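Take a look at the structure below.
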Number of protein chains: 2
Amino acid sequence: MSRRVTQQDIARMTGVSQATVSLVLNGRAEGDVRIAPETRERVLEAIRSTGYVADPIGRRLAARHNQILGVFTYESVFPAGMGDFYHPFLVGIEECAERIGCDLLLFTSAPVIDGRRRIFHQDNRLRLADGCVLLGQWLDPAELTRLLAEGQPFVSVGRRDDAGGPVPYVGADYPGATAAQVRAAIELGHQRLVYVGEGPDGPESHADRWRGFSAAAGPHGSRLAAPDLDAILVTDSTCVFVEEYADGVALAAQAAERGLRVPEDLSFVALGDPTRSAPTDLDLTGFRIPRREMGWQAVEVLAAILEGQPGEQRILPCEPVAGSTLAVARA
Amino acid sequence: MSRRVTQQDIARMTGVSQATVSLVLNGRAEGDVRIAPETRERVLEAIRSTGYVADPIGRRLAARHNQILGVFTYESVFPAGMGDFYHPFLVGIEECAERIGCDLLLFTSAPVIDGRRRIFHQDNRLRLADGCVLLGQWLDPAELTRLLAEGQPFVSVGRRDDAGGPVPYVGADYPGATAAQVRAAIELGHQRLVYVGEGPDGPESHADRWRGFSAAAGPHGSRLAAPDLDAILVTDSTCVFVEEYADGVALAAQAAERGLRVPEDLSFVALGDPTRSAPTDLDLTGFRIPRREMGWQAVEVLAAILEGQPGEQRILPCEPVAGSTLAVARA
DNA sequence: CTTGCCTGCTAATACCTATTAGTCCTTGAC
DNA sequence: GTCAAGGACTAATAGGTATTAGCAGGCAAG
């Protein structure tokens, strides 16, 4: 359990200074500082024989960066109950981090207050990482504002409204993807469309879907906050657009129970992948969120920020899913 | 983008020394060092107004620990192809880390050489964390030996053979769980049992299964390295024990194609959960690896090591799964 | 012999916090 | 008036690395 080997030790062993060891290690022999080849060899030999490796902490302290990217999630990082919705994001994040040679720090220690994690608290550890990726449906605007103000390098996965300035993000084109689905429905003859979900009252991702829906549906569209089949039937709609995949599954099942055929009597479109697990063999029409790609690109954008470039805002397209729950409107 | 606030800044603002700021922050006013309440208040006020938070790097350098646990996996941390076999371990690790207030550092940057990650390489970053959890079917014994020799605090998820000393681990009772399945089969009248897999030639987890199998089956048991149905039929066995769940699924399908009824003509027992994804509606008899619990307890053991206690070796029981592929032996 | 330049290195410092030894001041006891 | 006993701090240091300014010695040109 002997003390760890340091540059100082190597220096003493080879009769040079600690600075020389550092220089040899970093191959900084080009330019203004020179090391004689035989000295270099002696030092390298000592390093080899002791198995010395630089302490990343010291490195970080001196160099001000340490190739660590933080990942902050407002829910559990490894989702148990969320139907693995976040998993693909993490896969993308990991892949890109690996490619650029960064480690990932999961802020699991952030205390959970009122059911969600908080970034800022008395023992804020964000600075441990060079920068960080934020993941979650809803991010506290106050915390975003503060991150921005402090110049903390970060990127949000998912579009965010300005928070005292533009927020760097990699989002999905919910408005475009939603509008495309609405147009498809209209072309199939649907005259009355209903949107089920929080829409403008929800987080950005929900508001975006609603924007796309209302722009494309115009006067043909209406909205219900709760997944209530009776209320839907009252609107006399023929096509239901659900924010939450699981709501779609549940509503379709209810409709079937009442003798309505899906999709002949009532069509369903899901605006994205399931965030809650929804065991079913129903294959809802809708679109796929490019989650892995979003994770990957978020790291890409973060890396660019860390190199001094301005924070980007990217929107990625969603891939349509044909599914089996959208049909020609009933007569 | 101003420089980060340090204790020095707070000290200058309030006209005290950096040491005083540190003392106030750490509430060390008890015992031998005292701070006047009004000074304390001034400092706290400055901290509040600037939003100062301690830099974890400085902390780590000075205090020698930083509440970070490393997670090293020989494969991807977020498994894409592994059928999510590792996911439950990570869930357990995260839960326990959260409980004890630690962050998790995923060593995604470790370079992949010959298809697997290496712990030791020119830029070893293990020291970044207080200790680390090792995850993977096969861990390089040379690396384990070195970790042990260097006194690096670590815990393996999964039993490991000694590597120049006992390795701290949290493993599953594969011998016991396997033996129980064998005894169950024997009680159902099976006379010839065959084990399909690497067994003694594989990693510890496979060798353990084989040990349990051969001890319980005695002369009734034999082993085949490859999942080859013809070879199995040649042995005239009535019950097949597969190391890999996916092999069991494939073999059962082949058997069915040849007109053999499963389990009436041929029984199958899977020795653990699927490591490769195996889409099927077949519910193999066997046992469940307590993966979440193993992850959780690994962190527990690591935490104990970090507090100076000796590294433990724990073996957790596996829960039997009744399934539908084990029946009374054919006459 | 001076000047200047080059080579090969080292001393010093910065980075940020935690801890310990010690200093200065006030107050109370004798 | 002296001494002791706290109280309230601060100075100094450690911890490991990267960087920069600078120094000693040798050599060539003038």
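Just so it is clear: chains get the letters A, B, ... in the order the sequence lines come, proteins before strands, and each one is counted from 1. Keep in mind it's a predicted model, so treat the numbers as computed, not measured.
Here the closest non-hydrogen pair linking A:Y169 and A:V155 is CA-CG1, 4.1 Å.
Atom CZ in A:R59 sits about 9 Å away from atom C1' in D:dA18, given to the nearest Å. Counting to the nearest Å, the P atom of C:dT10 and the CD1 atom of A:I10 are 14 Å from each other. The distance between atom CD of A:Q8 and atom P of D:dA14, rounded to the nearest whole Å, is 12 Å. Distance CD (A:Q7) to P (C:dA12): 18 Å, rounded to an integer number of Å. What separates CZ of A:R60 from P of C:dT17 is a distance of 12 Å, to the nearest Å.
Recorded end-axis angle for the helix from C:dC1-D:dG30 to C:dC30-D:dG1 stands at 80°, based on five pairs per end and rounded to 10 degrees.
A salt bridge links B:R160 and B:E204; the closest N-O separation between the charged side-chain nitrogens and carboxylate oxygens is under 4.0 Å. For the pair B:E45 and B:R48, the salt-bridge criterion is met [side-chain N within less than 4.0 Å of a carboxylate O].
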Side-chain donor-acceptor distances from residues 298-306 of chain B under 3.5 Å, at least two apart:
unit_1, atom_1, unit_2, atom_2, d
B:E300, OE1, B:R314, NH1, 2.9
B:E300, OE2, B:W296, NE1, 3.2

N/O contacts under 3.5 Å, protein versus nucleotides 6-12 of chain D?
unit_1, atom_1, unit_2, atom_2, d
D:dG7, OP2, B:R34, NH1, 2.8
D:dG7, OP2, B:R34, NH2, 3.2
D:dC9, OP1, B:T39, OG1, 2.5
D:dC9, OP2, B:A36, N, 2.5
D:dC9, OP2, B:T39, OG1, 3.3
D:dT10, OP1, B:S17, N, 3.4
D:dT10, OP2, B:S17, N, 3.0
D:dT10, OP2, B:S17, OG, 2.9
D:dT10, OP2, B:T20, OG1, 2.2

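Partners of B:D162 by side-chain hydrogen bond (donor to acceptor under 3.5 Å, both in side chains), not counting sequence neighbours: none found. Applying the side-chain hydrogen bond (donor to acceptor under 3.5 Å, both in side chains) criterion to A:S17, with sequence neighbours excluded, gives A:T20. Taking the side-chain hydrogen bond (donor to acceptor under 3.5 Å, both in side chains) definition, one finds that A:R42 meets it with nothing, sequence neighbours left out.
Ring pair A:F85/A:F89 is perpendicular by interplanar angle, where above 60° counts as perpendicular and below 30° as parallel.
Residue contacts for B:L61: at a heavy-atom cut-off of 4.0 Å it reaches a base atom on one of the strands shown.
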